[in-house]
Amino acid sequence: MTDNLSAEKRFLDIEENLKEINYRIAEAAVKSGRRREEIRLMAVTKTVEPMYINHALRNGVNLIGENKVQELLSKLDFISPADVEKHLIGHLQSNKVRKVMDAVQMIESVDSLTLAAEISRQAVARGRDMDVLLEVNIGMETSKTGLRTDALNETAAAISSLPGIRIVGLMAVPPMTDDEKLQRRYFSEARRLFEDLGMLHSERVRPQILSLGMSADYEAAILEGSNLVRIGSALFGERRY
Ligand SMILES: *Cc1c(COP(=O)(O)O)cnc(C)c1O
């Protein structure tokens with residue numbers, strides 16, 4: 001049973017956190033010569049119970065991101081409004097594509113041609129297009145998924161010949177560091193790769209979304225051109241697994 005008092009407290013925390021995040025996004029947007037409305041906030045909801053997710057949705061959040069297909073599906077019946085935009089942001093195995101296709105508007109974590117080919121197949125079978133971001137492994141970390149930076153253009157070109165799938169941008173999770181200079185260097189590298197994608201001049205490659213920045217580094221990401229920040233713990237509190 002949920003303790004009413006602590007739930008109440010957590011609701012208030014979420015409201016406070018949201019105000020603070022929105023304020024900081026607005027500040028960083030202005031510093032980067034843009035308006036607040038040009039930066040999208042995603043609430044990252046892994047490990048968060050639907051009652052708290054819904055509280056964020058009542059307070060202006062209009063996009064949520066989940067890492068795992070199973071967790072996303074298990075929450076779907078409890079999310080309100082049910083039609084809120086949802087993105088998958090975690091590593092996806094090809095054999096789970098079928099399950100997630102109807103649950104999300106975007107897959108931000110496309111990291112192989114094999115995965116893209118399965119998304120294409122499933123999209124064609126449904127007579128729809130699926131929007132995706134390519135995930136790039138900016139720090140070339142062996143512990144992380146994501147396309148190698150030097151394979152990005154080639155993979156994007158190959159994916160662009162597949163029906164039913166549209167590359168609408170790039171997502172990255174750079175190495176963890178407190179060094180803001182280094183954070184910004186990684187983000188600017190992602191920005192450069194994002195701009196390069198546009199050079200492919202393909203109808204199926206329309207880079208518009210640069211998904212960069214999490215709780216610890218979203219301002220640095222915005223300063224380097226991010227227009228979608230994915231925020232979990234700064235909004236909902238530390239995750240308890
Ligand atoms: C968990 C996660 C986030 C959010 O992380 P926080 O540091 O809690 O904001 C963003 N993006 C991805 C891909 C994640 O897995």
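The figures that follow rest on heavy atoms only: side chains count, while hydrogens, waters and symmetry mates do not.
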Engineer: Starting from the C-alpha separation in whole Å, work towards a yes-or-no answer on salt bridge (Lys or Arg N to Asp or Glu O under 4.0 Å) for Lys75 and Glu66.
Structural biologist: CA-CA 10 Å; Lys75 288 175 183 173; Glu66 276 280 351; 2.6 Å; yes
Engineer: Is the backbone of Val44 close enough, under 3.5 Å, to the side chain of Lys46 for a donor and an acceptor to pair up by distance?
Structural biologist: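 No, because the side chain of Lys46 does not come within donor-acceptor range (under 3.5 Å) of the backbone of Val44.
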Engineer: For Glu203, is the CD atom crowded, meaning more than 12 foreign heavy atoms sit under 6.0 Å from it?
Structural biologist: no
Engineer: Under a plain distance cut-off of 3.5 Å, with no hydrogens placed, do His87 and Glu85 share a side-chain donor-acceptor pair?
Structural biologist: yes
Engineer: Can you tell me if Lys99 uses its side chain to pair, donor with acceptor, with the backbone of Leu73 under 3.5 Å?
Structural biologist: no
Engineer: Is it true that Glu15 and His55 share a donor-acceptor pair across their side chains at a distance under 3.5 Å?
Structural biologist: yes
Engineer: Please indicate whether Arg185 has more than 12 foreign heavy atoms, meaning atoms of other residues, nucleotides or ligands, lying under 6.0 Å from its CZ.
Structural biologist: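 Open.
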Engineer: Can the positive tip of Arg58 be found less than 6.0 Å from the middle of the six-membered ring of Phe11, inside 45° of the ring normal?
Structural biologist: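 Verdict for Phe11: a cation-pi partner in Arg58.
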Engineer: Under 3.5 Å, is there a donor-acceptor pair between the Arg239 and Ser233 side chains?
Structural biologist: no
Engineer: Check this for me: Arg128, atom CZ, are more than 12 non-hydrogen atoms of other residues, nucleotides or ligands nearer than 6.0 Å?
Structural biologist: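 For Arg128, atom CZ is crowded (more than 12 foreign heavy atoms under 6.0 Å).
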Engineer: Do Ser112 side-chain atoms and Leu115 backbone N/O form a donor-acceptor pair below 3.5 Å?
Structural biologist: yes
Engineer: How about Lys144: does its NZ atom have over 12 heavy atoms from other parts shown lying under 6.0 Å from it?
Structural biologist: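 Above 12, so yes.
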Engineer: Can you confirm whether Asp179 is buried at CG, in the sense that more than 12 heavy atoms of other residues, nucleotides or ligands lie under 6.0 Å from that atom?
Structural biologist: yes
Engineer: Counting distance only, does the side-chain N/O of Ser109 pair as donor-acceptor with the main-chain N or O of Gly90 below 3.5 Å?
Structural biologist: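 Answer holds: yes.
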Engineer: Do Asn227 side-chain atoms and Gln208 backbone N/O form a donor-acceptor pair below 3.5 Å?
Structural biologist: yes
Engineer: Please indicate whether Lys68 has more than 12 foreign heavy atoms, meaning atoms of other residues, nucleotides or ligands, lying under 6.0 Å from its NZ.
Structural biologist: no
Engineer: Could you please spell out the steps behind the salt bridge (Lys or Arg N to Asp or Glu O under 4.0 Å) verdict for Glu27 and Arg36?
Structural biologist: CA-CA 8 Å; Glu27 268 200 335; Arg36 167 66 188 90; over 6 Å; no
Engineer: Evaluate the criterion side-chain contact (heavy atoms from CB on, under 4.5 Å) for residue pair Met106 and Lys86; output intermediate values, then yes/no.
Structural biologist: CA-CA 7 Å; Met106 192 182 294; Lys86 302 169 200 81; over 6 Å; no
Engineer: Tell me the closest heavy-atom pair linking Ala221 and Gly213, and the distance in Å.
Structural biologist: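 Scanning both residues completely, I find the closest heavy atoms to be CB-CA, 3.5 Å.
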Engineer: Using the rule that two of Ile, Leu, Val, Met, Phe, Trp, Tyr join whenever any of their side-chain heavy atoms come within less than 4.5 Å, decide whether Leu147 and Leu113 are in one cluster.
Structural biologist: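 Same hydrophobic cluster.
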Engineer: So, the side chain of Asp217 versus the backbone of Ala220: is there a donor-acceptor pair under 3.5 Å, distance only?
Structural biologist: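 Pair absent, no side-chain N/O of Asp217 close to backbone of Ala220.
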Engineer: Ignoring hydrogens and geometry, is there a side-chain-to-backbone donor-acceptor pair from Arg191 to Tyr186 under 3.5 Å?
Structural biologist: no
Engineer: Is atom CZ of Arg34 surrounded by more than 12 heavy atoms (other residues, nucleotides or ligands) closer than 6.0 Å?
Structural biologist: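 Atom CZ in Arg34 is crowded, with more than 12 foreign heavy atoms closer than 6.0 Å.
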Engineer: Please check: side-chain N/O of Asn17 versus main-chain N/O of Leu235, any donor-acceptor pairing under 3.5 Å?
Structural biologist: yes
